[in-house]
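For reference, the structure discussed in these notes is given below.
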There are 2 protein chains.
Amino acid sequence: MDTLISSVKIAINPQLYLKDPESSELGINIVHNGIDLIKEIGFEEFTFRKLGLQIHSPEASIYRYFESKHKFLLYLNAWYWGWMEYQLLLAISNVSSADKRLEKSVFLMTEGVQNDPNFQGIDIVKMQEIVVAEASKSFLNKQVDQANQDGAYLSYKQFVAKVANIIKEINPQYKYPIMLVTTVIEGAHQQRFFAEHLPRLTNKQNKPHYLSKFYMDLVFKTIKPV
Amino acid sequence: MDTLISSVKIAINPQLYLKDPESSELGINIVHNGIDLIKEIGFEEFTFRKLGLQIHSPEASIYRYFESKHKFLLYLNAWYWGWMEYQLLLAISNVSSADKRLEKSVFLMTEGVQNDPNFQGIDIVKMQEIVVAEASKSFLNKQVDQANQDGAYLSYKQFVAKVANIIKEINPQYKYPIMLVTTVIEGAHQQRFFAEHLPRLTNKQNKPHYLSKFYMDLVFKTIKPV
DNA sequence: GCAAATTTAATAGTATTACTATCAACTTTG
DNA sequence: CAAAGTTGATAGTAATACTATTAAATTTGC
């Protein structure tokens, strides 16, 4: 039975799962409720046993889809960045001005997302909150090199490369386009987290879009040739 | 017996330990070898049992100094930022030009440190590598609010505030000095990590100080009034 | 429409982790 | 030199991150 609502599907590197979770009811349930549970209790407290209890399936069943909870996090990350790449394509297609394209990219990287009806079921808002709070754990560990070889970060790298290319279009002389992009992405995540938990480490403002304004200003000033 | 070599001591919030590790041979051993072991196997693999084996002391003895391995990481972080604040004071004292002071601050935030003979025994190079790789784990979790109340991040906040004040001195109109500082600090950490493990997420260059050059350029362009 | 293959549920088991508890031996200090 | 404090040695516990096994349910291919 076909459960797809739209014809768009985020392609995920099969090395990140044992059995495609989109191929069965249980798999979809695992991803769904997994997102909810990680959001609720945090990744360190999250276990497949707890997730099993929530979906009334034994722990062992979940292990048939994902090798470990770490790989599950990598899967969610890859999904998120796949989706972000798709959003980027939508946002910049048919926009001829490179400046405008970069503007839209920075906005996408720094603002909170909105739920997308094309991927009903996956709560993208929650997913982004997870990525903001937990993503760095997906690479800041000793298995990073193995995960990297497994292609865990491909979609992230692709996204970054696309935006970096726009920067190069605007200023081919600028030497650090990739660094600038990852600085913005990871920075925006941190600031978002700080605003909620460690306000003295940020400049939270009530103005809408203050975060994207800060980074927009930073990016355009930085790449401007002297 | 007095084991201090210099009269300078980094003050750490006592809430981060049960018994001051600088007050005994064993305590000093724990911190020393703890740094080595975390550096070697990473924070997730690190356990007090393994550390106990390394220093030939029972696990339970270590628990008399630190409540948990999480608090141990918070302690190391606090120590690092206390030391960084001290380095900052040394670097900017007697420098009257605010621009020059900011330049020195950015350099300190983005370059690798060198071992400091005033704190013999503590390997600051290794400590920085730990902070770069593991620090975000010290706040990216559900206990962050508790840890924050315990004053775990005070020395970090103080450091950030000091640099932000220099920015305000240069451009009182600039609205996001703190955000800019934390973006630089956390960004530099990430880039350093990426350069080693995920090179496609950065623009590694062979030039010395390319990292500080990138951030120096970014900071000064960003705060320049339009 | 039914046998074969696949998927899931249910249960049990293992090594390790992150601690806590207890008590004797040793050291320091007043 | 006694009392107080520190360390060592050992043991124990609940939970985690898995693996293994087998039976029941479901899907599929002809």
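Note: hydrogens, waters and symmetry copies are ignored here, and every other heavy atom, side chains too, is used. Each chain gets a letter, A, B and so on, in the order the sequences are listed, and its residues count up from 1.
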Could you state the atom-to-atom distance from [atom1] of [X] to [atom2] of [N] in whole Å?
| X | N | atom1 | atom2 | answer |
| --- | --- | --- | --- | --- |
| B:Tyr63 | D:dA11 | OH | P | 18 Å |
| B:Glu59 | C:dA21 | CD | C1' | 13 Å |
| A:Lys19 | C:dT6 | NZ | P | 11 Å |
| B:Ile62 | D:dT6 | CD1 | C1' | 15 Å |
| B:Asp20 | D:dT6 | CG | P | 12 Å |
| B:Leu18 | C:dT20 | CG | C1' | 13 Å |
| B:Phe43 | C:dT17 | CZ | C1' | 13 Å |
| A:Ile55 | C:dA9 | CD1 | C1' | 12 Å |

Among [options], which nucleotide has an atom closest to any side-chain atom of [X]?
| X | options | answer |
| --- | --- | --- |
| B:Ser57 | D:dG8, C:dT17, C:dA9 | D:dG8 |
| A:Ala60 | D:dT10, D:dT19, C:dT17 | D:dT19 |
| B:Lys69 | C:dT11, D:dA17, C:dA18 | C:dA18 |
| A:Lys50 | C:dA9, D:dT16, D:dG8 | D:dT16 |

Evaluate the ring planes of [X] and [Y], with Trp represented by its six-membered ring, and classify them as parallel (under 30°), tilted (30 to 60°) or perpendicular (over 60°).
| X | Y | answer |
| --- | --- | --- |
| B:Phe48 | B:Phe46 | perpendicular |
| A:Trp79 | A:Phe119 | perpendicular |
| A:Phe139 | A:Tyr156 | parallel |

Checklist entry - Can you find a side chain N or O atom of B:Ser61 that sits less than 4.0 Å from OP1 or OP2 on D:dG8? => result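 It does, given that an N or O in the side chain of B:Ser61 lies less than 4.0 Å from OP1 or OP2 of D:dG8.
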Checklist entry - Hey, does the side chain of A:Ser24 come within less than 4.0 Å of C:dT8's phosphate (OP1/OP2), counting only N and O? => result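 Answer yes for this pair, as a side-chain N or O of A:Ser24 is under 4.0 Å from OP1 or OP2.
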Next on the checklist: Would you say the ring centers of B:Trp81 and B:Tyr86 fall short of 6.0 Å from each other?
Outcome noted: no
Checklist entry - So what does B:Tyr65 touch, heavy atoms closer than 4.0 Å: a base, only the sugar-phosphate, or nothing? => result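 If one applies the 4.0 Å heavy-atom cut-off, B:Tyr65 turns out to touch the sugar-phosphate alone, with no base involved.
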Checklist entry - Reckon B:Arg64 touches a base, only the sugar-phosphate, or nothing at all at heavy-atom distances under 4.0 Å? => result base
Checklist entry - Is it true that B:Lys137 and B:Glu44 have a side-chain N and a carboxylate O under 4.0 angstrom from each other? => result yes
Checklist entry - Any N or O donor-acceptor pair linking the side chain of B:Glu67 to the base of C:dC19 at under 3.5 Å? => result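 A donor-acceptor contact between them is absent.
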